[in-house]
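To keep things clear, I will list the structure first and then write my remarks on it.
In what follows, every chain begins at residue 1, and chains take the letters A, B, ... in the order their sequences are listed.
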Amino acid sequence: MTPHDRADDRDQGMDGGIPDDAKRDRGVPDDGIPDGAERGRGVPDGGVPEHPPATGRPPVIERRLHPVTPFRRAWAPLAVLAGWAVHNPNGAQEQLTRLTGTVLLLALAVLVPAAGLYGFLSWWFTHYAVTDTELRIRTGLLFRRTAHIRLERIQAVDVSRPLLARVAGVAKLRLDVVGTDDKDELAFLGEREARALRAELLARAAGFAPETAHEVGEAPARTLLRVPPRELVRSVLLTGATWGSLCAALVVPTVLWLVTHNPWTALATALPLFGAAGASSVGRFVTEFDWTVSESPDGLRIDHGLLDRAHETVPPGRVQTVRIVEPLLWRGRGWVRVELDVAGSDNSVLVPVAPREAAEAVVARVLPGVAVPRELSRVPRRARWCVPVWWRGHRLAVTDTVFAARSGLLCRRLSLVPHAKVQSVRLTQGPWERRWGLAEVHVDTGADKTVTARLRDAREAARLLDEQAERSRTGRRDALPDRWMTTG
Amino acid sequence: METGTPEETGAPADQPVWRGLQPGLLRVRRLLLVVWTGVLAVAAGLLPGLFAGPGWAACALLPPVFAAWCWRLLERNWRSWRYAERADDLLISRGVLWREETVVPYGRMQLVEVTSGPVERRFGLATVQLHTAAAATDATIPGLDPAEAERLRDRLTELGEARSAGL
């Protein structure tokens, strides 16, 4: 499967079949659709099952989202109005004075039911179903859209609960599959339902038999690491970016005020700058609060958040690269931050802050059999003519499981790529590098990230290129199968 | 290496057999160079000649001088391109000043594309492009004989299926 050859097949088309669908939905709620009927016929409107269910195959149960869903977009018209008012304040005032009470009431009387009806209908026409191999999402009021997401291609499953959703007791479920859109999330489901669905999807993706997938339930989790709030606060305070943005927020508006003598200019620049400073400090604290990494048979669980809780699951063998970041100020305390890349996923943080040993223990769980290399080889001294001071930061280690390249002098970043995840290897050499007998080796991974070993000796790089191609081939042979519970 | 025929060097079995590109590609690129040089020379001669005086029309000589230099560069660049099919991966090597060597294992290949534009078709050329799950993988072989391009595509697809691996 590729980004080009989509993991889900979609059908879109102008809908001629709403009445049909509506009739069926009203007549037979929670109708069983014979497995394969939709795909086999490829009807743009999703296909109304006229055939009797295929013999021997259990019917697919179609389910609806939580009834609270229609309200999720309730604020949208208000936001549009507010946006227009802010964008054009004079026009808004003019319009407001012209409006009378009756017009306002009339507008409300039309708008609110219309929005409500739209919300209700879009909820009514959204169905999802889990089959042996796929998650099917059928949605759309005018433009029907059917997404079939192959379960064995799941890269990660996230359950997130924004603040308001937590109040309402619902959750959002999102699957990361290479090539899916943001639209392929299930929002909202009941909290317990979301949890059960996640467990079921992972069990089926792991290769459990469909009959037992229900009963397997949520796999027990064992906590590997929990970040205490104290440590998190200290780590935020020890981050250069926090103080940098705060200083910028204080200095820039003051200077502007002194230069222009216009308090409004100063205020206009101060607000976004303070916003950025807040996002990098308070925002980070709020999202990374109570960060827990635990291990379960169906993958690694990451739970975090103070207001919006998020629960992410990364199945085994899906991690493409792991980065261990060591900012300058953390080094005294021996703290590191661990980031990871999973194909088709935006989540990148694995551990926001932890002592080095604890973080490396987690990395060993994410990349089984990988030890973080201690000894990294330096680049030749002549590299200082290519990259003046920073050449000291570039190091490399290749073990029999992983390709590890480090860069950066103040903030050290060590990137680890398991050999089994290497998509292609490249060697590049510019004219100035050739003058000094140096070359670079790039290792491309499936998460669209490239790890580069810079400033290596040219002969060493050529050897590295050859060996890396060989290693990634043998590494793949021993890799886990896509359905990790099935052996073989 | 004047033609795109396999370069039989009598190398040992583990040494890759390198192949070059079709001379047609060099011809196409030189043709394009000549066409653009002509356009630029007219522009460089006319504009200063009309606005700054007839003596300035000598500027028209600049583009041909530059083109003469490019003429040689194009050949060096064309010569530098080569590819080799090994047992388990494809090697592509190219570039004179900025050298680049790419290794793509067959098992990682997701899609093989053969394209041929109108000019390329006129000169009997085709381009093979390989895609892996990594967007950074830049494995393109231009200037192949269409038959060779198709053979390469079929072979790569076949080998890719045999050694297929997921993400």
Side-chain angles (χ1 to χ4, degrees), chain A residues 1-5 7 152-153 155 177-179 317-320 342-344 420-434 439-452 458 461-462 464-477 479-483, chain B residues 11-12 14-16 18 73 76-77 80-115 128-141 156-157 159-167:
Chain A
M1 276 300 138
T2 74
H4 311 278
D5 173 10
E152 75 260 31
R153 293 296 184 183
Q155 301 290 325
V177 180
V178 177
R318 299 301 200 263
V319 176
Q320 308 272 339
V342 175
K421 296 296 177 191
V422 173
Q423 298 282 335
S424 64
V425 195
R426 288 175 297 139
L427 181 147
T428 57
Q429 189 181 43
W432 187 246
E433 279 171 325
R434 186 162 41 244
E440 304 186 356
V441 178
H442 307 266
V443 168
D444 304 317
T445 70
D448 278 356
K449 288 277 157 60
T450 298
V451 174
T452 306
L464 214 58
L465 180 77
D466 248 24
E467 288 173 1
Q468 195 56 43
E470 172 66 28
R471 265 192 297 259
S472 62
R473 199 176 74 241
T474 46
R476 273 198 300 281
R477 236 181 356 237
L480 273 171
D482 267 347
R483 304 195 142 196
Chain B
D14 61 326
Q15 282 297 308
W18 290 101
L73 282 194
R76 281 177 68 192
N77 180 273
S80 73
W81 276 86
R82 50 187 197 158
Y83 66 95
E85 297 158 69
R86 291 200 300 191
D88 295 289
D89 39 36
L90 183 81
L91 298 183
I92 301 170
S93 171
R94 64 156 189 270
V96 181
L97 274 184
W98 277 270
R99 276 173 36 83
E100 180 160 354
E101 201 170 329
T102 308
V103 183
V104 187
Y106 295 135
R108 294 310 212 185
M109 242 167 256
Q110 306 275 355
L111 175 74
V112 184
E113 221 179 337
V114 177
T115 53
V128 172
Q129 191 174 6
L130 273 64
H131 296 274
T132 69
T137 306
D138 176 22
T140 309
I141 315 176
L156 293 179
T157 319
L159 287 169
E161 257 163 37
R163 292 171 175 70
S164 161
L167 283 179

Between A:Glu433, A:Glu440, A:Arg434, the one whose heavy-atom pairs under 4.5 Å with chain B are most numerous: A:Arg434
A:Thr445, part contacting chain B, at a heavy-atom distance under 4.5 Å: backbone
Sequence-distant partners of B:Arg99, salt bridge (charged side-chain N to carboxylate O under 4.0 Å, His left out), two or more places apart: B:Glu101
For chain A, the option from B:Leu97, B:Leu130, B:Val104, B:Thr102 that forms the most heavy-atom pairs under 4.5 Å: B:Leu97
Minimum side-chain heavy-atom gap A:Val441-A:Gln468 below 4.5 Å: no
Audit row: A:His442, A:Thr428, side chain to side chain contact (heavy atoms under 4.5 Å, CB included) steps and yes/no: CA-CA 8 Å; A:His442 307 266; A:Thr428 57; 3.0 Å; yes
Set of side-chain hydrogen bond (donor to acceptor under 3.5 Å, both in side chains) partners for B:Asp89, sequence neighbours left out: B:Arg86
